Amino acid sequence: MAVGVFDSGLGGLTVLDALTKRLPEVPFVYFGDNAHAPYGVRTADDIFNLTCAATERLWAEGCDLVILACNTASAAALKRMQETWVPPEKRVLGVFVPLIEALTERQWGDNSPPREVAVKHVALFATPATVASRAFQRELAFRAIGVDVEAQPCGGVVDAIEQGDEILAEALVRSHVEALKRRMPAPEAAILGCTHYPLMEKAFQDALGPGVKVYSQANLVAESLADYLTRRPQFLGTGTRSRFLTTGDPAYVSNKATQFLRRKITFEAA
Ligand code: DGL
């Protein structure tokens with residue numbers, strides 16, 4: 001009864017952590033495509049092909065349901081995968097919608113017309129590919145009106161995190177927040193629209209100031225998956241054990257993952 005969790009690298013571990021806390025009885029198989037990270041500077045075709053290959057690997061592990069714990073893949077590939085590629089007996093879900101439902105105070109499946117919501121000025125921090133896709137604005141427009149979104153492509157942050165360079169990552173976060181504030185001086189809310197960024201959440205919050213509510217995805221995605229599995233238990237696959245798979249060097253990736261999550265994590269070659 002395993003579920004697959006995919007990211008281009010280490011970022012999806014922030015989601016995996018919340019999933020294992022919320023659903024301790026479910027085995028999760030994690031796939032980090034570290035050899036090809038970062039995805040955020042790749043073309044949509046490239047992201048589609050890499051994400052499909054990783055998803056197939058997770059299906060082979062007995063995970064009929066795969067969570068793309070990667071905004072870049074969710075934004076650039078998921079719609080095309082669902083429309084053209086995923087067979088009816090499998091499911092691939094993204095991380096965007098739970099976040100937008102939280103921001104717009106909606107329950108799951110509430111498809112009523114877009115309406116006014118409390119927040120009016122939202123800062124979005126994401127990879128260049130996610131920002132270019134405008135997927136966040138598209139999903140938001142289905143649910144809310146009158147929300148001004150200013151998006152900041154945060155070049156370099158994923159790379160610095162993958163390399164384990166926290167000092168560089170923090171410096172880049174500060175400069176991206178400053179760049180955004182020049183265009184939107186007083187955001188009410190900030191979205192960390194990349195699953196790597198919760199690893200730098202304190203740096204974002206410090207640079208934004210205490211008055212800005214920072215939304216990150218991990219807990220929202222965990223709640224949403226728990227709800228989904230109650231409604232669709234048939235998508236719990238046949239896999240029985242938790243594993244961590246990587247296309248990168250397992251020793252190196254295990255080391256970085258252990259450093260970031262502050263608990264021992266052992267990756268195997270995918
Ligand atoms: N964690 C991925 C995301 O949520 C990072 C993408 C990348 O590899 O650039 O967008």
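Bear in mind that the values here come from a model prediction, so they are computed numbers and not experimental data. Counting starts at 1 for both ligands and their atoms, in listed order.
Nearest non-hydrogen protein atom to atom 9 (O) of ligand 1 is Gly40 N, 2.7 Å. Shortest contact from atom 7 (C) of ligand 1 to any protein heavy atom: Tyr39 N, 3.1 Å. The single protein non-hydrogen atom nearest to atom 6 (C) of ligand 1 is Thr72 OG1, 3.2 Å, given as residue, atom name and distance.
Note: Phe125 and Tyr197 fail the aromatic proximity criterion, with ring centroids not under 6.0 Å apart.
Look at Cys70 and you'll find a heavy atom under 4.0 Å from some atom of ligand 1.
There is a path of hydrophobic side-chain contacts, each under 4.5 Å, that joins Phe31 to Phe48.
Looking at Asp45 and Arg80, a side-chain N of the basic residue comes within less than 4.0 Å of a carboxylate O on the acidic one, giving a salt bridge. We find that Lys120 and Glu188 are not joined by a salt bridge, their nearest charged nitrogen and carboxylate oxygen being 4.0 Å or further apart. In this structure, Arg57 pairs ionically with Glu61, as a charged nitrogen and a carboxylate oxygen lie closer than 4.0 Å.
Tyr39 and Asp33 form a side-chain donor-acceptor contact under 3.5 Å, judged by distance and modelled atom types alone.
Considering backbone and side-chain atoms alike, Thr127 places every N or O at 3.5 Å or more from each N or O of ligand 1. Not a single N or O atom of Gly12, backbone or side chain, sits closer than 3.5 Å to an N or O atom of ligand 1. Between His196 and ligand 1, at least one pair of N/O atoms sits closer than 3.5 Å.
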Using the rule given for side chain to side chain contact (heavy atoms under 4.5 Å, CB included), can you reason through Arg115 versus Glu105, listing the C-alpha separation, both sets of side-chain angles and the distance that settles it, and then say yes or no?
CA-CA 10 Å; Arg115 55 179 181 252; Glu105 302 147 30; 5.7 Å; no
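When heavy-atom distances to ligand 1 are checked against a 4.0 Å cut-off, Thr195 comes that close through both its backbone and its side chain. When non-hydrogen atoms are compared, ligand 1 lies under 4.0 Å from the side chain of Ser8 (C-beta onward) but not from its backbone.
Below 4.0 Å from some heavy atom of Asp7 lie the following atoms of ligand 1, by number and element: 1 (N), 2 (C). Of all atoms in ligand 1, listed by their number and element, those nearer than 4.0 Å to a heavy atom of Asn71 are 3 (C), 4 (O), 10 (O).
When the options Leu192, Leu13, Ile161 are evaluated for a side-chain contact (heavy atoms from CB on, under 4.5 Å) with Leu199, the one that passes is Ile161.
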